[in-house]
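Before any comments, here is the structure.
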2 protein chains.
Amino acid sequence: MQDSEHIIICENPSINDVIAKLNEAFNERRTTIIVGSCRVDYHGRASSKLEYGERIVIIKEDGSVLVHRSKGYEPVNWQPSGCVLQALKDNDELIIKATKRNPSETVTIFFDRVYLLSIFKLIDEGKFSLYASEEDMQRAILIEPTLIEEGFKPIDYERKVEPGFIDIYGVDKNGRMVVVEIKRRTANKEAVLQLAKYVEYLRKDLSREVRGILAAPDISREANHLLLSLKLEFRRVDPKKCFKILKKNRVRKITDFFK
Amino acid sequence: MQDSEHIIICENPSINDVIAKLNEAFNERRTTIIVGSCRVDYHGRASSKLEYGERIVIIKEDGSVLVHRSKGYEPVNWQPSGCVLQALKDNDELIIKATKRNPSETVTIFFDRVYLLSIFKLIDEGKFSLYASEEDMQRAILIEPTLIEEGFKPIDYERKVEPGFIDIYGVDKNGRMVVVEIKRRTANKEAVLQLAKYVEYLRKDLSREVRGILAAPDISREANHLLLSLKLEFRRVDPKKCFKILKKNRVRKITDFFK
DNA sequence: CGTGCCAGGTGCCGT
DNA sequence: ACGGCACTTGGCACG
């Protein structure tokens, strides 16, 4: 949206003007915001009727439609992505029809007044990540050690050794020592080196084979290269899954309490 | 919003300008739309991070906050109604903090660029009515019990028993107890188990035979299998048909009035 | 595709 | 506050 030509902002536009601009926006898959007085009909899985009032309507570039009132998290009416959009005029009203198949559903918005029309080409490549805290991930792995691998048995966590604290250590199904380093976000080289430090120390200290496993939602290319060269291992651990395990565990405890 | 003084629309406003106007809007409980480039942090039940990108932020008069990307029905980040809002400046960025207690949650939005700021006093008294909901189906069955079967006589609805609320219960033409569980869409296993729970409880409690009928537009194969094995019954009931019955009933009442 | 299951679910209504 | 439950639930993973 660097170019200002990609922004259209009209205060109190005429209905005809809105219709022309909307149809162009639908064609070019722009994101549109309309603020004005409208009523809304919905027919599909259910039916609904919303009387006139001042609302915010958002039409996104994937064809999703949201009608928001002045309160609350949820839209009062909506249409999921992938619907067919149409703007037309009838009785001096602006009518926006959003139609979808399977299930067949229609949302029709009747504007008798538009205060603001704005159309954008939103550029948004930003990555969204949902994660648990490192402690959450650690607890989840202790509850559900198969998150690391089949047969992994944790022995202790936050164990102090000379170079620092080991997140989790235990043994694998073959009785080999395993050190686990947890990162809640994409692991970088620093994380690999941290793991390497512990593994190195334990190998020397115990004079036995020690496996090092980096547990994180992802690992950077460079870090992975380093990891492989150091003969360490990576295990993808999904933070969302960790959440679920913790949550389930909480529930289980509560139900246990009521038994 | 008749008075145009209730509308503020600023294109490419300065950060200072936005902060001043936002804090006033928060005070006066206005509805605000901000379009610009931002990143978002969330901490609470989970945690999330959203990198920079162009988005639409809506802050409603009840304190709910929505961050919408250019695609999809759902906001990428949000805060439910009743949170504390704060707008401040840091490192030439606009920071909006939305904080809530119980559960303690924070959404922080960092804008490095604002394309549009608009503030409204939305007046919206319009009534919203939804038809063909589960409640409509329930009312329709109470008016027209043959929707379940010939000779069915409802006794009570939304009856609280130990495991929860029974949608409708009554007796069949042979005087046997009947429990009805209503679903407005294809019934799944959960619905069957819900019904089973009530039937089980009543059988024990009353020490008499109890029939369980699942009333829904459809039932999944697996759910049907479970239903049969539990010796429960399914009755196809169309939500739309229920709505028509209600409508007819309203009409009948009106015509009765004119007799 | 359907079907099941989860969600930072949300919202509503009850004790 | 907590519980039970519907929702145009939406979304995703999986058979």
Side-chain angles (χ1 to χ4, degrees), chain A residues 40-50 64-67 71-83 98 100 102-107 128 130-132 136 238-241 243-248 251 254 258, chain B residues 40-48 62 64-67 71-83 98 100-107 128-138 158-167 181-194 197-198 216-226 239-240:
Chain A
V40 187
D41 280 355
Y42 155 72
H43 292 283
R45 286 165 292 182
S47 298
S48 75
K49 202 173 274 284
L50 176 63
S64 44
V65 178
L66 305 168
V67 181
K71 287 173 191 171
Y73 160 86
E74 291 187 326
V76 59
N77 282 108
W78 70 91
Q79 193 70 283
S81 68
C83 70
K100 212 174 69 74
N102 221 320
S104 168
E105 300 201 285
T106 311
V107 168
F128 175 73
L130 183 69
Y131 46 80
D136 284 345
D238 178 22
K240 244 182 163 166
K241 207 168 168 180
F243 257 126
K244 284 175 196 167
I245 287 164
L246 290 180
K247 209 164 158 179
K248 202 169 68 186
V251 170
I254 289 164
F258 283 106
Chain B
V40 186
D41 280 355
Y42 155 72
H43 292 283
R45 284 165 291 183
S47 297
S48 75
D62 63 350
S64 45
V65 178
L66 306 168
V67 182
K71 286 172 192 172
Y73 161 86
E74 291 186 329
V76 58
N77 280 109
W78 70 91
Q79 195 68 286
S81 66
C83 70
K100 211 174 68 76
R101 289 248 155 258
N102 224 314
S104 167
E105 301 201 284
T106 312
V107 169
F128 175 74
S129 8
L130 180 73
Y131 310 101
S133 62
E134 185 178 305
E135 195 190 330
D136 279 354
M137 290 175 72
Q138 191 184 53
E158 291 302 325
R159 175 66 162 240
K160 175 91 184 80
V161 291
E162 195 272 304
F165 292 85
I166 295 175
D167 283 341
E181 174 64 34
I182 303 166
K183 284 283 169 272
R184 71 169 304 286
R185 55 179 192 173
T186 303
N188 57 14
K189 282 199 287 187
E190 200 182 317
V192 175
L193 291 172
Q194 205 176 333
K197 195 172 66 176
Y198 299 136
D218 203 353
I219 184 165
S220 75
R221 263 182 59 84
E222 282 209 353
N224 193 47
H225 191 76
L226 178 62
K240 285 274 159 70

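So you know, we letter chains A, B, ... as the sequences are listed, proteins then strands, and number each from 1. Note: hydrogens, waters and symmetry copies are ignored here, and every other heavy atom, side chains too, is used.
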Between atom [atom1] in [X] and atom [atom2] in [N], what is the gap in whole Å?
| X | N | atom1 | atom2 | answer |
| --- | --- | --- | --- | --- |
| B/Glu134 | D/dG4 | CD | P | 17 Å |
| B/Leu193 | C/dT3 | CG | C1' | 15 Å |
| B/Met137 | D/dC5 | CE | C1' | 16 Å |
| B/Leu66 | D/dG10 | CG | P | 16 Å |
| B/Phe128 | D/dC7 | CZ | P | 12 Å |
| B/Glu135 | C/dG11 | CD | C1' | 14 Å |
| B/Glu158 | C/dC12 | CD | C1' | 12 Å |
| A/Leu130 | D/dG10 | CG | P | 20 Å |

(message) Say we look at C/dG8 and C/dG4: how far apart would their P atoms be, to the nearest angstrom?
(response)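 Their P atoms lie roughly 22 Å apart.
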(message) Suppose you measure atom P in C/dC5 against the same atom in D/dT8; what distance do you get, rounded to whole Å?
(response)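 Roughly 22 Å separates the two P atoms.
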For [X], which contact category applies under a 4.0 Å heavy-atom criterion: base, sugar-phosphate, or nothing?
| X | answer |
| --- | --- |
| B/Glu190 | nothing |
| B/Pro80 | base |
| B/Arg185 | base |
| A/Glu105 | base |
| B/Lys197 | sugar-phosphate |
| A/Val76 | base |
| B/Gly164 | sugar-phosphate |
| B/Ser48 | nothing |

Nearest heavy atoms of [X] and [Y], plus distance in Å:
| X | Y | answer |
| --- | --- | --- |
| B/Val107 | B/Gln79 | N-NE2, 3.6 Å |
| A/Cys83 | A/Ala98 | SG-CB, 3.6 Å |
| B/Leu66 | B/Trp78 | CD2-CB, 4.2 Å |
| B/Leu130 | B/Asp136 | O-OD2, 3.9 Å |
| B/Ile182 | B/Gln138 | CD1-CA, 3.6 Å |

Answer yes or no: side-chain N or O of [X] and base N or O of [N] forming a donor-acceptor pair under 3.5 Å.
| X | N | result |
| --- | --- | --- |
| B/Tyr42 | C/dG8 | yes |
| B/Gln79 | C/dG8 | yes |
| B/Glu74 | D/dG10 | no |

(message) Quick check on DNA chain C: between B/Ser220 and B/Phe165, whose nearest nucleotide comes earlier from the 5' end?
(response)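 Checking each residue's closest nucleotide, the 5'-ward one belongs to B/Ser220.
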Closest nucleotide among [options] to the [X] side chain:
| X | options | value |
| --- | --- | --- |
| B/Tyr73 | D/dG11, D/dT9, D/dA1 | D/dG11 |
| B/Asn102 | D/dA1, D/dC7, D/dT8 | D/dA1 |
| B/Tyr198 | D/dG10, C/dT3, D/dC5 | D/dC5 |
| B/Arg184 | D/dT9, D/dA6, C/dG9 | D/dT9 |
| B/Gln194 | C/dG8, D/dC5, C/dC5 | D/dC5 |
| A/Asn77 | D/dT8, C/dG8, D/dC5 | D/dT8 |

So does [X] get a side-chain nitrogen or oxygen closer than 4.0 Å to the phosphate oxygens (OP1/OP2) of [N]?
| X | N | answer |
| --- | --- | --- |
| B/Arg45 | C/dT10 | yes |
| B/Lys183 | D/dA6 | yes |
| B/Lys240 | D/dT8 | no |
| B/Trp78 | C/dT10 | yes |

(message) Using heavy-atom distances to pick each residue's nearest nucleotide on DNA chain D, tell me which of B/Ser133 and A/Ser81 is more 5'.
(response)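 Its nucleotide being nearer the 5' end, the pick is B/Ser133.
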(message) Apply side-chain contact (heavy atoms from CB on, under 4.5 Å) to residues B/Asn77 and A/Phe128 and explain how you reach the verdict.
(response) CA-CA 10 Å; B/Asn77 280 109; A/Phe128 175 73; 3.8 Å; yes
(request) Tell me, please, which residues at least two apart from A/Lys100 pass salt bridge (charged side-chain N to carboxylate O under 4.0 Å, His left out). (result)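 Not a single residue meets the salt bridge (charged side-chain N to carboxylate O under 4.0 Å, His left out) criterion with A/Lys100.
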